[in-house]
Amino acid sequence: MGTSSADFSVLVLASDLGIDARPFLENREKEIEEQENWHDCPQDLSSDEDFSDLELLQFFRIQGLDKSGNRVFRIVGKYFPAPVVSAERLKRYIVHKLSSELPEGPFSIVYMHSTVQKEDNSPGITILRWIYEDLPSDFKDRLQFVYFVHPGLRSRLVIATLGRFFLSGGLYWKIKYVSRLQYLWDDVKKDDIEIPEFVKSHDDILEHRPLTDYGIEPDPLRLAEVPAMGYSFGRYEERWTAKHDMS
């Protein structure tokens with residue numbers, strides 16, 4: 001008869017010694033259950049994690065009120081270093097900020113998308129959806145508006161086409177596009193929120209080149225900034241002429 005390769009143990013208890021076997025069996029069952037469910041521990045809610053490096057970037061700060069009286073979390077997309085911050089750590093940081101700094105009551109988000117580059121500053125819509133869906137329901141219920149400043153054509157198209165599928169209905173209908181800073185002041189108290197200088201400069205550019213809002217760039221390759229190539233072309237022309245004369 002073959003023997004099984006699985007590990008097993010036998011605990012023999014003498015009945016006449018009057019020993020209650022239940023503590024032994026209960027401890028063993030508890031140990032097995034803990035081994036099977038170790039992955040369910042909320043490791044991402046560690047309260048002693050050091051976020052000082054992310055705090056220095058100041059891309060996620062509580063600042064001011066909107067005109068409905070809601071607290072405002074200001075997010076500056078350009079300040080977020082997406083390639084070096086994992087999705088897990090970003091989620092832990094957001095939960096930490098909401099839990100430790102947000103007062104009771106409703107709140108709103110002002111997200112500044114000015115000059116954001118997809119490769120450098122965007123964690124991606126899938127990760128943002130995952131973070132939002134994992135937030136405690138209390139935070140999701142208290143979120144009133146997401147003011148999306150300088151969205152750009154691509155962002156509008158992505159959210160309009162995929163947003164209904166990737167974002168929960170509650171979040172999708174809370175997004176409010178703000179193409180210019182002057183329109184933000186209709187909903188947010190101007191003196192309560194700090195606007196970075198590069199956001200103001202980008203706003204001025206959009207004001208003077210409104211077609212940029214629709215993805216139409218008057219000088220998309222920035223050819224006006226390229227130095228003249230006359231000298232290099234002249235040298236090439238001389239070499240070509242000399243070669244032609246020799247032939």
Side-chain angles (χ1 to χ4, degrees), residues 51-67 70-87 89-91 93-94 96-98 101-102 107-125 127-128 131-132 143 145-160 163 174-227:
F51 294 112
S52 57
D53 55 333
L54 299 182
E55 286 291 326
L56 289 174
L57 299 175
Q58 297 187 354
F59 69 89
F60 191 49
R61 297 176 58 189
I62 186 169
Q63 195 174 66
L65 301 167
D66 65 15
K67 292 188 177 180
N70 306 316
R71 282 288 180 180
V72 169
F73 259 109
R74 188 200 71 170
I75 301 177
V76 182
K78 186 69 174 178
Y79 290 165
F80 177 65
V84 297
V85 180
S86 68
R89 189 159 191 251
L90 176 61
K91 183 179 76 169
Y93 178 62
I94 290 176
H96 164 74
K97 292 284 284 186
L98 292 175
E101 298 184 14
L102 184 65
F107 71 99
S108 297
I109 291 175
V110 172
Y111 168 62
M112 300 179 187
H113 191 66
S114 319
T115 71
V116 162
Q117 300 296 320
K118 180 178 181 296
E119 297 79 8
D120 299 330
N121 313 118
S122 176
I125 189 172
I127 291 177
L128 294 176
I131 292 175
Y132 177 79
L143 176 60
F145 301 102
V146 177
Y147 301 104
F148 198 129
V149 181
H150 297 153
L153 180 64
R154 183 179 181 276
S155 299
R156 288 176 181 266
L157 289 176
V158 169
I159 295 177
K174 292 177 181 179
I175 297 176
K176 183 173 183 178
Y177 297 112
V178 183
S179 59
R180 298 289 186 277
L181 289 177
Q182 61 178 327
Y183 303 134
L184 179 64
W185 310 138
D186 293 338
D187 298 295
V188 178
K189 296 181 179 180
K190 184 175 182 179
D191 297 332
D192 282 3
I193 187 169
E194 180 182 353
I195 306 296
E197 286 300 322
F198 77 89
V199 175
K200 296 178 182 178
S201 298
H202 185 69
D203 195 73
D204 291 338
I205 291 174
L206 295 178
E207 189 66 29
H208 292 89
R209 292 154 60 183
L211 292 180
T212 306
D213 282 335
Y214 305 97
I216 302 175
E217 175 60 58
D219 187 12
L221 300 179
R222 299 189 178 183
L223 297 178
E225 301 176 7
V226 178

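In terms of heavy-atom proximity, Q58 sits nearest to R74 at O-NH2, 3.3 Å. The two residues I131 and K91 come nearest to each other via the heavy atoms CG1-CB, 3.9 Å. Closest heavy-atom contact between V178 and R180: CG1-O, 3.1 Å. Between L102 and L98, the shortest heavy-atom distance links the atoms CB-O, 3.2 Å. Nearest heavy atoms, Y79 versus P81: O-CD, 3.3 Å. Residues A82 and N121 come closest through the heavy atom pair CB-C, 3.8 Å.
Not counting sequence neighbours, the partners of V199 by the side chain to side chain contact (heavy atoms under 4.5 Å, CB included) test are M112, S114, H150, L181, I195, P196. Under the side chain to side chain contact (heavy atoms under 4.5 Å, CB included) criterion, L157 pairs with L153, not counting sequence neighbours.
Taking the side chain as every heavy atom from C-beta outward, N70 and F145 approach each other to under 4.5 Å. The shortest side-chain heavy-atom distance between W185 and I193 falls under the 4.5 Å cut-off. Annotation: side chain of F60 is not in contact with side chain of L90 (no heavy-atom distance under 4.5 Å).
With rounding to the nearest 0.5 Å, the separation of NE2 in H96 from CG in L54 is 9.5 Å. Distance OH/Y147 to CD1/I75: 14.0 Å, rounded to 0.5 Å. Note that the CG atom of D191 and the CG atom of L65 stand 12.0 Å from one another [nearest 0.5 Å]. The CZ atom of F73 lies 6.0 Å from the NZ atom of K97; values are rounded to the nearest 0.5 Å. To the nearest 0.5 Å, atom CD of residue E55 and atom CZ of residue R61 are 9.0 Å apart. Q63 CD to K189 NZ: the interatomic distance, rounded to the nearest 0.5 Å, is 14.0 Å.
Remark: K200 does not engage E207 in a salt bridge, criterion side-chain N to carboxylate O under 4.0 Å. Ionic pairing of K176 and D66 is not present here: no N-O contact between side-chain nitrogen and carboxylate oxygen is shorter than 4.0 angstrom.
Although no hydrogens or angles enter the test, the distance criterion places no donor-acceptor pair under 3.5 Å between the side chain of R71 and the main chain of I62.
Aromatic rings of Y93 and F59 (six-membered ring for Trp) have centroids within the 6.0 Å cut-off, being under it.
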Checklist entry - For V72 and F107, what are the C-alpha separation, side-chain angles and deciding distance, and is it a side-chain contact (heavy atoms from CB on, under 4.5 Å)? => result CA-CA 6 Å; V72 169; F107 71 99; over 6 Å; no
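Remark: K190 NZ is loosely packed, at most 12 non-hydrogen atoms of other residues, nucleotides or ligands lying under 6.0 Å away. No more than 12 heavy-atom neighbours from other residues, nucleotides or ligands sit within 6.0 angstrom of OH on Y183.
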